Protein chains: 2
Amino acid sequence: MADRRPARTAPDTRHVSDDALRQLVGFNIKRAMNVIAGDLRTTLTPFELRMVTYSALTLIGDNPSLSQAQLAAALSVERPNLVNVIEELAGRGLISRDRVPTDRRTNALRLTTQGARLLAQATEAVRAHEAQLLDGIDPADIATLRAVLGRIERNGTERI
Amino acid sequence: MADRRPARTAPDTRHVSDDALRQLVGFNIKRAMNVIAGDLRTTLTPFELRMVTYSALTLIGDNPSLSQAQLAAALSVERPNLVNVIEELAGRGLISRDRVPTDRRTNALRLTTQGARLLAQATEAVRAHEAQLLDGIDPADIATLRAVLGRIERNGTERI
DNA sequence: CAAAATCGTTATGATCTATATCTATAAAGC
DNA sequence: GCTTTATAGATATAGATCATAACGATTTTG
């Protein structure tokens with residue numbers, strides 16, 4: 001009945017319970033998000049893209065000629081923080097940034113041919129990695145996941 | 001058939017499609033997480049707690065006498081970054097931090113009476129806010145959400 | 001034409017995150 | 001035992017993220 005210590009100078013491997021935190025749905029979402037973000041980071045590294053730059057490319061591709069203000073809003077990023085992102089993408093020749101004649105305050109963002117190609121390659125890799133993360137999960141459950149997440153998002157944003 | 005511009009100097013309200021990003025489950029999780037994190041932030045503000053400090057208190061309450069290294073691992077935080085958190089909580093008298101006689105390298109973290117009381121109050125508020133975010137969602141779907149998130153987490157961590 | 005608002009931008013600070021390194025302690029290997 | 005190796009907590013530091021104020025240029029409002 002002696003206390004059987006782990007011995008060794010090895011790391012403290014005693015089990016730590018996170019049951020209380022796990023009761024909160026938000027905590028589970030955060031943990032899953034950490035995993036996904038980490039995986040996404042490694043997936044995008046070969047393309048020299050980050051989550052923001054990839055998301056920006058995707059939104060620009062889906063909404064040609066949108067402005068930085070629109071993109072910032074869609075990305076949930078403050079406009080000043082988007083400037084460097086745009087600068088980086090434009091500097092790499094992945095997007096074009098043209099002053100709009102009808103409103104010379106705004107920039108019209110568009111994918112270049114090179115940007116569209118890189119986006120397509122990155123998207124393929126991202127989808128493949130996400131498929132691995134979702135491996136073994138019933139598609140119906142994923143549909144439920146989407147629905148529930150959407151509802152949480154609406155509950156939190158509309159109710160302000 | 002004229003182009004009906006928003007006119008005004010008002011913000012660009014043209015609809016921006018994020019359909020492509022929405023196809024990725026990870027993007028939906030991130031958006032829901034943003035909402036939850038924002039709500040949690042306002043919920044914890046009255047208690048002068050952040051997500052880390054709240055999580056730390058919860059884990060310490062659930063695992064009395066755990067070490068900082070254990071806590072850091074459970075929180076997915078680097079040990080150096082936990083030091084200030086512990087310092088803050090100890091400075092406010094919410095936790096005690098005692099050198100362990102059997103291993104004088106490690107600290108045993110425990111909630112003080114005051115810390116336990118604050119944690120209980122904060123937890124009540126957090127649960128109430130989370131219930132609002134989950135309002136109108138079928139409990140069975142929430143169970144599915146938990147299961148799917150857990151699977152994603154395991155798929156991402158075990159497969160390394 | 002004057003006033004107000006928006007766009008992109010710059011500057012700046014606060015916060016978060018990761019890494020290298022130090023000490024003191026403890027265990028492992030010979 | 002004594003040396004080597006490893007861990008715990010802490011310090012310092014750099015990088016990345018994120019939020020806010022303010023400016024010039026431009027456009028719309030009144």
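Basis for what follows: all heavy atoms, side chains included, without hydrogens, waters or symmetry-related copies. Computed from a predicted model, the values in this text were never measured in an experiment.
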Do [X] and [Y] have side chains that approach each other closer than 4.5 Å (heavy atoms only, starting at C-beta)?
{"X": "A/V100", "Y": "A/N107", "answer": "no"}
{"X": "B/Q114", "Y": "B/L118", "answer": "no"}
{"X": "A/F47", "Y": "A/L119", "answer": "no"}
{"X": "B/L134", "Y": "B/E130", "answer": "yes"}
{"X": "A/E88", "Y": "A/R50", "answer": "yes"}
{"X": "B/V85", "Y": "B/L82", "answer": "yes"}

Distance in angstrom units between [X] [atom1] and [N] [atom2], rounded:
{"X": "A/R104", "N": "C/dT9", "atom1": "CZ", "atom2": "P", "value": "16 Å"}
{"X": "B/L82", "N": "D/dA8", "atom1": "CG", "atom2": "P", "value": "13 Å"}
{"X": "A/D103", "N": "D/dT29", "atom1": "CG", "atom2": "P", "value": "12 Å"}
{"X": "B/N107", "N": "C/dT25", "atom1": "CG", "atom2": "P", "value": "12 Å"}
{"X": "A/E48", "N": "D/dA16", "atom1": "CD", "atom2": "P", "value": "14 Å"}
{"X": "B/R79", "N": "C/dA18", "atom1": "CZ", "atom2": "P", "value": "12 Å"}

With sequence neighbours left out, the residues meeting salt bridge (charged side-chain N to carboxylate O under 4.0 Å, His left out) with B/D103 are B/R105
Measuring to OP1 and OP2 of D/dA10, would you say a side-chain N or O of B/Q68 lies under 4.0 angstrom away?
yes
Contact under 4.0 Å: A/R105 side-chain N or O vs D/dT27 OP1/OP2
no
message = More than 12 heavy atoms of other residues, nucleotides or ligands under 6.0 Å from CZ of A/R41: yes or no?
response = no
Numerically ordered, the residues 84-99 of chain B set in heavy-atom contact under 4.0 Å with DNA chain C is none
dist A/L24:CG -> B/T58:OG1 (nearest 0.5 Å) comes out at 7.5 Å
Report, one pair per line, the protein and nucleotides 17-19 of chain D atoms (nitrogen or oxygen only) whose separation is under 3.5 Å.
unit_1, atom_1, unit_2, atom_2, d
D/dT17, OP2, A/R50, NH1, 3.0
D/dA19, N7, A/N81, OD1, 3.4
D/dA19, N7, A/N81, ND2, 2.8
D/dA19, N6, A/N81, OD1, 3.1

